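All of these numbers come straight from a predicted model, not from anything done at the bench. Scope of the values below: all heavy atoms of this structure, side chains included, with no hydrogens, waters or symmetry mates. Throughout, a chain's letter reflects where its sequence line sits, starting with A, and its residues are numbered from 1.
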Amino acid sequence: MNKISTNSPKGTRDFLPVQTKRRQWIFDQLKSVFESHAYVPIETPAMENLSTLMGKYGEEGDRLIFKILNSGDYLRKADEQSLQAKDSNKLISSISEKALRYDLTVPFARYVVAHQNDLSFPFKRYQIQPVWRADRPQKGRYREFYQCDVDVIGSTGLWSEVELVGMIHKGFSKLGLEGVVVKVNHRKILAGMVEVIGKADMLIPITVAIDKIDKIGMEGVQKELLEKGLTENEIKMLKPMLEGNNDLSSMRDFLSSSEIGMEGLNELEFLLNNCAKLNFDLQVDCSLARGLNYYTGAILEVVHPDFPSSICGGGRYDDLTGIFGLPNVSGVGISFGADRIYDLLEAKNLFPSSLKESVDLLFLNMGDEEASLALQLSSELMDAGFSCMLYPDNKNFKKQMKYANELGVKKVLIIGTEELTNSEVSIKDMESGEQIRVSQKDLIKTLKS
RNA sequence: GUGGUUGUAGCUCAGUUGGUUAGAGUGCUUGAUUGUGGUUCAAGAGGUCGCCGGUUCGAACCCGGUCUUCCACCCCA
């Protein structure tokens, strides 16, 4: 018989009990922040229609969407021409009409349009669910990972951005993570920037290039921009902006001829001023671009010096619902990358020690009559607040003790023949090794003291 | 999608220039102790050396392919 591999698919992981407890703790912390800010939970399906997702994340994004094969004899219905030509891209639409969701924002936009009559706007929702990307796995990058999204939709008020920045700080402080840097930029500033140099049509490639300035330096960015078709002169014009140390007044000088750029700058200033009043730390970074194509206003990203990639990100999108038939609805939101946050907390040893798996009490199984009594007593112990179990098999003593030890049980309770006839229970403290015998009616009192 | 890297006992890893029967630590089973775990001692079980093919008298070791792991790029939480 062939052994079937026990590997989970590339880029996906199983979680042991401790890991699961820690992950749930992260979700719980964020949830409490979201709910205290009056966001409500929703869920959407793991899969979406392929047409809902395609084209929303750029060309690269389309490639990273996991497509689901149609049911049945899908090849019979496949497009003959593209099948013959082995043209995968063209073939897909005829053999796949569903896909795993790539993020939570686009499905949310669909959701908002679908349920617009049942929602009150502005609608504030949070959503903690897994998403899937067909990326090559590496550090901090998985094919299945959880996003924790918070969005406000149906409002253009910049106070939402202020609130979100506050929630970022609150969230990471609840997680016990110090040293996060919240970076901000504005898509309209980037638009103004390319307008000033007369390359408005190249917004995306230019922003993608300058986004890498931290990584590859000014020279690397220049090289990439040259490759993308900018002239030396145009790059020279950009330079003061990028080297301007993110100083608002120099940005104002640079953008003065661009209406949209000035608009962005004013909005950014509003955000900065109001965050400053509330002591929400925020750093302007005019090289921050963020790849997702749908952002139109402020863009946010959270990084930590001990982690290579961003642990949270988001921004404002003005017309995501438009493609689903509901125009002129603006939204803004952020997404916490739970798996990256987990890796970072793990590396920095920041998980509370209370998150270990533990059982308060374990009854040894010494026979049917004894076990039956143990279950009666454990029901009372559970009501009294203890976590409590009976060893399910009447195996030898040693084995049961060993199990108790492995589980980290605090106290082992023993009812054998002697205890049974005397209406007693032996209590063994697993840490000290001490053992006492008490009457059954004093059991709870003794354990609580 | 591009480039590199990794794979040997349940786990962590040694394994010499290609040479007889592939090792250690830990874990596991049993016993010392049939009502006492975590410590100690003794014995034992456990391997198609990721998989497929090639070179060779001979391959864990060399070559090709494939899968897996991790890393970088692209891109991103």
**Q** CE of A:M401 versus P of B:G37: gap in Å, rounded?
**A**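 In whole Å, B:G37 P and A:M401 CE are 7 Å from each other.
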**Q** What one-letter contact string describes nucleotides 69-77 of chain B from 5' to 3', where B marks a base within less than 4.0 Å of any protein heavy atom, S marks contact via sugar-phosphate atoms alone, and - marks no contact?
**A** S-SBBBBBB
**Q** Identify whether NZ of Lys or CZ of Arg in A:R13 sits under 6.0 Å from the centre of the six-membered ring of A:Y142 and within 45° of that ring's axis.
**A**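 Satisfied, under 6.0 Å and within 45°.
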**Q** Tell me, which stems hold RNA chain B, with a stem being 3 or more Watson-Crick or G-U pairs in a row and both distances under 3.5 Å?
**A**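 Correct response: B:1-4 with B:70-73, B:10-13 with B:23-26, B:28-32 with B:40-44, B:50-54 with B:62-66.
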**Q** Could you go through A:E48 and A:K98, starting from their C-alpha distance and side-chain angles, then the distance that decides it, and tell me whether this counts as salt bridge (Lys or Arg N to Asp or Glu O under 4.0 Å)?
**A** CA-CA 6 Å; A:E48 289 283 342; A:K98 293 179 293 299; over 6 Å; no
**Q** What about A:N405: does its side chain form a donor-acceptor pair under 3.5 Å with the base of B:G37?
**A**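 Donor-acceptor pair under 3.5 Å: yes.
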**Q** Using a 6.0 Å distance limit plus a 45 degree cone around the ring axis, check whether A:R340 lies over the aromatic ring of A:F145.
**A**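 Negative - A:R340 is either too far from the ring of A:F145 or too far off its axis.
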**Q** Does A:F66 have A:R133 sitting over its ring (NZ/CZ under 6.0 Å from centre, angle to axis within 45°)?
**A**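 A:R133 over A:F66 ring: no.
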**Q** By the 4.0 Å heavy-atom rule, please label A:G433 as base, sugar-phosphate, or nothing.
**A**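 Answer is base: heavy atoms of A:G433 come under 4.0 Å of a base.
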**Q** Taking all non-hydrogen atoms of both residues, which atom of A:L91 and which atom of A:A78 are closest, and how far apart?
**A**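 Scanning both residues, the minimum pair turns out to be CD1-CB, 3.9 Å.
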**Q** Rounding to the closest angstrom, what is the interatomic distance between B:U16 and B:U69 at atom C1'?
**A**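 Roughly 27 Å separates the two C1' atoms.
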**Q** Could you encode protein contacts along nucleotides 27-35 of chain B as a string, one character per nucleotide from 5' to 3', using B for base contact, S for sugar-phosphate-only contact and - for no contact, with a heavy-atom cut-off of under 4.0 Å?
**A** -SS---B-B
**Q** Is there a donor in the side chain of A:D103 and an acceptor in the side chain of A:Y57, or the other way round, less than 3.5 Å apart?
**A**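 Distance-only check passes for A:D103 and A:Y57.
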